[in-house]
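Worksheet for the structure shown next.
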Amino acid sequence: MNTKSKRDANHENPLRIASKKDFMALVDSLIEDGSLEVHGVKSKGTKFVFGLLESSDELRLDYDVTVIPPKKYFLPQDESMMHFDTSQPFSVQANEDIPKRVIIGVHPYDIVAIKQMDTYYTDSFVDDLYVKRRKNTLLVGAHVARVSEKAFFGDMGTGMVDSGFDLMLTDLKDVIALEVGTTAGADLISSLKTRDATPEEVEKIRKAVEKAAAEARRGLKTPPDQWSHLLQGNYDNPVWKTQSEKCLSCGTCTSVCPTCFCYDVNDKMHLDMKTGSRIRTWDGCMLRSFTRVGSGEIFREKRIDRYRHRFYRKGEYLPARLNFVACVGCGRCSTQCIPDIADPVTLINMVTDSSQTLKPPVPHAASPVTVEGQVPDDTGPGLYIPCPATIKRAVQLSEWEKLFELELDDGSALDHEPGQFVEVSIMGYGEAPISVSSAPGTKSFELAVRKVGDVTSRLHALNPGDKVGIRGPFGTGFGVEELKGKNLLVIAGGIGIIPARSLINYVLDHRKDFGELTILYGCKKPCELLFGDEVQAWDKREDVAHLRSVDSCPEGECWEGEVGLITCLIPLATFDPKNTIAIVVGPPVMYKFVIRDLMGRGMPEENIIVSLERRMKCGVGKCGHCQINGVYVCKEGPVFRYSQIKNSPEAFT
Amino acid sequence: MKKQKPRVAFFDFASCEGCQLQIANLEEAVIDVTKLVDIVSFREVMKEHSDDYDIAVVEGSIMRPMDEERLKKIRENAKILVALGACACTGCVQRMVNQWPVEESITTVYNKDEALKDNPYFANFETKALDEVVPVDAYVPGCPIDRDEFCKVLVALLLGKKSPVPDYPVCVECKKKENVCLFELGKVCMGPVARAGCGAICPTHGAECEACRGYVTHPEEDAQTDVLTKYGISAEQIMQRKSMFTYRYIEEKAKQEVEE
Ligand SMILES: Cc1cc2nc3c(=O)[nH]c(=O)nc-3n(C[C@H](O)[C@H](O)[C@H](O)COP(=O)(O)OP(=O)(O)OC[C@H]3O[C@@H](n4cnc5c(N)ncnc54)[C@H](O)[C@@H]3O)c2cc1C
Ligand code: SF4
Ligand code: SF4
Ligand code: SF4
Ligand code: SF4
Ligand code: SF4
Ligand code: FES
């Protein structure tokens with residue numbers, strides 16, 4: 001308890017004492033007043049939940065843990081992000097319906113989790129939806145009076161916090177101690193009759209907090225600040241397999257976790273077929289559908305991969321990225337996982353005991369590995385609100401692909417780098433990440449789209465003059481500045497030619513800035529070749545070397561090029577492996593073989609650049625779908641240096 | 001020029017008609033639905049019937065050769081065929097009958113009544129879901145269906161979108177509703193393998209989920225069996241539970257094993 005220093009800093013003692021009766025009367029008057037929604041912990045059967053209070057009688061400050069954490073107030077189970085009206089050319093309105101609330105009884109470990117969420121949701125892109133909810137909420141914490149059986153916040157060092165709350169309560173039987181954390185918290189109790197805490201009371205609070213923390217220890221063998229180290233050496237530990245074989249893939253452990261923040265986004269059209277909302281919903285990496293893309297491929301298909309990912313995200317990926325261990329020891333997953341395999345203490349201890357690469361570290365006093373969550377005032381324009389753009393031209397490229405030339409309605413250029421992508425929105429259908437296929441430098445930009453599902457099929461049905469929404473550009477580009485002066489070998493498989501084309505056209509627009517340009521392009525069948533005219537033009541140019549292949553050529557189709565997988569072109573191409581940069585873009589199966597053959601020809605791995613695809617929803621590093629181990633493809637990718645990603649076991653499977 | 005509304009017809013086979021009743025009871029939404037489509041045939045609410053329709057919404061499972069013929073005709077007439085309810089999607093509870101040889105069931109049920117012998121109305125064969133007879137374009141699972149979900153499926157069809165029926169387990173919705181897990185209360189629940197979309201309505205009201213909506217694409221049945229065994233459910237009891245609404249999966253698995 002940090003009351004001493006706070007007392008020195010503030011003239012007024014931040015630790016106030018009120019009678020319980022008065023405090024409850026205050027809660028009732030807040031409920032009556034109605035300017036805030038008053039939420040708090042109440043009982044539900046044998047358990048507890050956060051919910052709207054109808055009277056202070058319902059408030060249960062003696063609860064052990066709630067079924068789900070208070071994250072639901074900031075990332076609701078189902079949240080309307082924006083409303084649309086498709087009877088207008090383009091009408092999108094941010095959801096402004098964000099109630100003002102006070103939440104009473106949040107335990108310190110849940111406050112730590114909220115601080116982590118603050119950090120996550122404001123890291124590099126500020127999620128204005130989250131921030132608005134957060135800003136409209138007063139947090140009244142409560143020290144743990146009763147420890148749930150599986151809680152281990154004592155091991156995690158999250159049994160107390162010195163910030164992140166507006167008020168912090170301690171139930172001292174007849175009186176309630178209130179620690180003031182913010183001026184908003186002080187205002188909330190300005191009408192309450194309080195007095196300074198006596199030294200005995202301060203001591204009582206300290207003891208209570210210590211007692212709870214001691215009770216909430218379950219013999220964790222590796223302290224949280226060493227989880228990362230432990231996990232790094234144990235990716236292939238057999239524990240993952242044996243434990244995951246019991247997993248139901250039910251998603252309960254991620255749903256109930258205060259530090260699991262992944263979400264899905266879906267458009268809901270009302271029955272009037274005109275208006276609707278874009279809804280974000282809880283999602284989680286334990287669900288099989290989490291990484292499924294339009295083609296049906298599932299990137300984390302095996303249970304072991306999903307099961308392991310959850311622990312690595314908590315113990316290694318987020319600590320590395322944001323400097324906190326994304327587990328606060330609430331024990332919710334431990335209690336609610338039916339086969340009882342989700343408990344971090346059991347798992348970490350199993351890994352510790354069976355670890356071959358790391359001796360179990362000597363346990364030491366747990367230190368909370370957390371950062372201060374900052375909630376900025378200025379959230380800027382809505383992160384998820386798309387800008388209107390108009391289709392200027394639409395050209396069928398093949399049976400399944402169509403090219404669209406678009407212009408942003410505000411008249412600005414997209415200003416992208418070759419390799420970047422945009423999120424294309426069609427209200428009522430959804431949003432899809434699509435690479436920009438044209439080179440920068442013009443007011444309009446081009447997208448080439450394969451028809452696979454909801455958004456892409458609808459896009460194919462649109463005509464010049466129709467409007468779509470655009471967010472972005474997002475992600476990394478090929479890095480044209482760094483490529484200048486270099487020899488380039490572009491290897492594109494299938495629709496990989498779409499992003500590759502933005503680079504190729506850029507190089508052709510600035511031909512003398514680059515060295516040799518070799519293009520290897522492979523597709524399944526001759527009829528799937530895209531941009532035929534441009535491909536023909538490469539053939540004619542002296543300053544471009546070009547080879548192409550088809551996997552097979554059905555009878556009746558004619559083909560001028562090689563027949564075989566794209567790798568058959570690598571031995572045929574002339575390039576100096578040491579002095580050439582290879583840019584590889586294609587379907588997931590292609591990379592392993594192309595990279596193997598390039599390295600077989602003596603190309604150093606730093607010379608290889610890849611562009612990877614994963615399921616995406618947000619494009620801004622929040623929804624969690626695109627992760628390759630700890631890497632966010634939407635933010636750190638889609639373009640990677642091979643050397644940067646080769647050690648991620650999930651990158652090339 | 002006013003765009004013509006799609007014409008919808010309702011049909012039923014072996015069922016309790018509870019799912020059609022859900023639609024008849026759509027309340028305010030009925031008006032919205034009738035703004036979107038013309039209902040040309042719906043035995044539960046109107047006398048008229050027409051064979052000129054775009055969307056056939058079919059309830060019930062197929063239990064007799066004559067049903068099969070009728071369903072094939074409906075399929076020919078319809079551009080889109082929607083399977084309505086568990087009966088149509090999986091075969092529902094009447095599929096339990098497939099556990100016994102057809103002859104035996106007929107004898108037991110109709111008591112060897114000679115008069116019924118050549119009557120096609122009693123010429124039962126094994127229970128089938130619609131998609132075991134004709135291709136189905138969309139499914140509204142559940143016994144009974146969820147009204148909101150029916151509307152969602154209809155909107156998706158009219159927009160040309162994929163099925164809005166989720167492919168994750170009921171537990172996801174159950175946790176979103178902040179329910180205390182029935183396993184913690186000493187009960188047994190099929191939620192971890194059952195397909196969500198009902199809002200976990202049964203566990204929310206304290207009742208065990210029976211997976212009336214069928215399974216998710218890839219139910220983790222091995223882990224489920226482990227759990228049920230741990231909770232003291234015998235192999236026979238597990239089988240009984242699974243025979244209730246999901247006997248289709250037991251049959252399919254058996255068939256697969258034979259093939260392998
Ligand atoms: C960085 C990047 C660039 C891409 N560039 C192109 C391109 O230039 N041209 C092109 O035709 N396709 C491209 N894709 C693939 C394209 O995003 C998917 O085909 C598209 O999202 C399918 O959306 P849908 O709504 O039609 O399909 P549905 O199956 O209905 O998908 C529903 C949602 O799931 C997500 N999703 C599904 N498939 C994918 C996928 N393959 N990748 C990422 N998210 C997915 C999307 O959010 C999508 O809206 C790219 C993917 C990524 C990740
Ligand atoms: S670990 Fe447990 S809670 Fe998590 S998905 Fe698997 S079975 Fe469900
Ligand atoms: S991993 Fe489990 S114990 Fe840790 S914060 Fe999440 S739910 Fe709580
Ligand atoms: S699914 Fe159930 S409610 Fe619907 S018709 Fe069949 S038996 Fe009746
Ligand atoms: S009650 Fe059933 S649906 Fe709910 S969490 Fe438990 S097993 Fe899953
Ligand atoms: S909870 Fe289970 S049994 Fe109940 S409606 Fe949903 S799927 Fe059917
Ligand atoms: S985190 Fe949402 S797409 Fe990358």
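Quick note: numbers below take in every heavy atom, side chains included, and nothing from hydrogens, waters or symmetry partners. Throughout, protein chains are lettered first and strands after them, A, B, ... in sequence-line order, and every chain is numbered starting at 1. In this text the structure is predicted, and so the values were computed from the model without any measurement.
- Comparing Lys35(B), Lys152(B), His218(B), Glu221(B) by heavy-atom pairs within less than 4.5 Å of chain A, the highest count is held by His218(B).
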* To do: Kindly determine whether Met273(A) and Leu158(B) satisfy side-chain contact (heavy atoms from CB on, under 4.5 Å), including the steps that lead there.
  => CA-CA 9 Å; Met273(A) 296 281 281; Leu158(B) 296 176; 3.4 Å; yes
* To do: Verify side-chain contact (heavy atoms from CB on, under 4.5 Å) between Val67(A) and Asn179(B), making sure each step is shown before the conclusion.
  => CA-CA 7 Å; Val67(A) 176; Asn179(B) 292 331; over 6 Å; no
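- In terms of non-hydrogen atom pairs under 4.5 Å with chain B, the most contact-rich of Thr46(A), Asp78(A), Asp340(A) is Asp78(A).
- Heavy-atom distances place the side chain of Leu185(B), and not its backbone, under 4.5 Å from chain A.
- Neither the backbone nor the side chain of Thr254(A) comes within less than 4.5 Å of any heavy atom of chain B.
- Heavy atoms closer than 4.5 Å to chain B are found in both the backbone and the side chain of Val49(A).
- Of the listed residues (Arg303(A), Lys72(A), Lys47(A), Lys44(A)), the greatest number of heavy-atom pairs within a distance under 4.5 Å of chain B belongs to Arg303(A).
- Most heavy-atom pairs under 4.5 Å with chain A, from the set Leu159(B), Val33(B), Leu154(B), Val193(B): that is Leu159(B).
- Looking at Lys175(B) and Gln336(A), their side chains do bring a donor and an acceptor atom within 3.5 Å of each other.
- Ranking Gln224(B), Glu184(B), Lys230(B) against chain A, the residue ahead of the rest is Glu184(B), based on heavy-atom pairs under 4.5 Å.
- Phe290(A) does not touch chain B: none of its heavy atoms, backbone or side chain, sits under 4.5 Å away.
- The side chain to side chain contact (heavy atoms under 4.5 Å, CB included) test with Gln77(A) singles out one residue from Glu173(B), Lys176(B), Lys177(B), and that residue is Lys176(B).
- Within the 4.5 Å cutoff, the side chain of Asn266(A) has no heavy atoms near those of the Pro164(B) side chain.
- Of the options Asp32(B), Val30(B), Ile31(B), a side chain to side chain contact (heavy atoms under 4.5 Å, CB included) to Leu271(A) is made by Asp32(B) and by none of the others.
- Looking at Ile338(A), the atoms closer than 4.5 Å to chain B (heavy atoms on both sides) sit in the backbone and in the side chain alike.
- Both the backbone and the side chain of Val172(B) come within contact range of chain A, each with at least one heavy atom under 4.5 Å from a heavy atom of that chain.
- Using a 4.5 Å cut-off between heavy atoms, Ala156(B) makes no contact with chain A at all.
- Minimum interatomic distance between Cys250(A) and Pro169(B) (heavy atoms only, all atoms of both residues): CA-CG, 3.9 Å.
- Across all their heavy atoms, Glu245(A) and Asp222(B) have their closest contact at O-OD2, 4.1 Å.
- Across Ser249(A) and Glu220(B), no two heavy atoms sit closer than the pair OG-OE2, 2.7 Å.
- Of the two parts of Asp267(A), the backbone and the side chain both hold a non-hydrogen atom closer than 4.5 Å to a non-hydrogen atom of chain B.
- For Tyr429(A) against Lys161(B), the heavy-atom pair with the smallest separation is CD2-CG, 3.6 Å.
- Taking chain B as the reference chain and counting heavy-atom pairs below 4.5 Å, the highest number among Gly251(A), Gly428(A), Ala461(A), Gly284(A) is found for Gly428(A).
- Residue with the most contacts toward chain B among Ser255(A), Pro339(A), Ser457(A): Pro339(A) (heavy-atom pairs, distance under 4.5 Å).
- Looking at Asp167(B), the atoms closer than 4.5 Å to chain A (heavy atoms on both sides) sit in the backbone and in the side chain alike.
- If you measure heavy-atom distances from Leu36(B) to chain A, the contacts under 4.5 Å come from the side chain alone.
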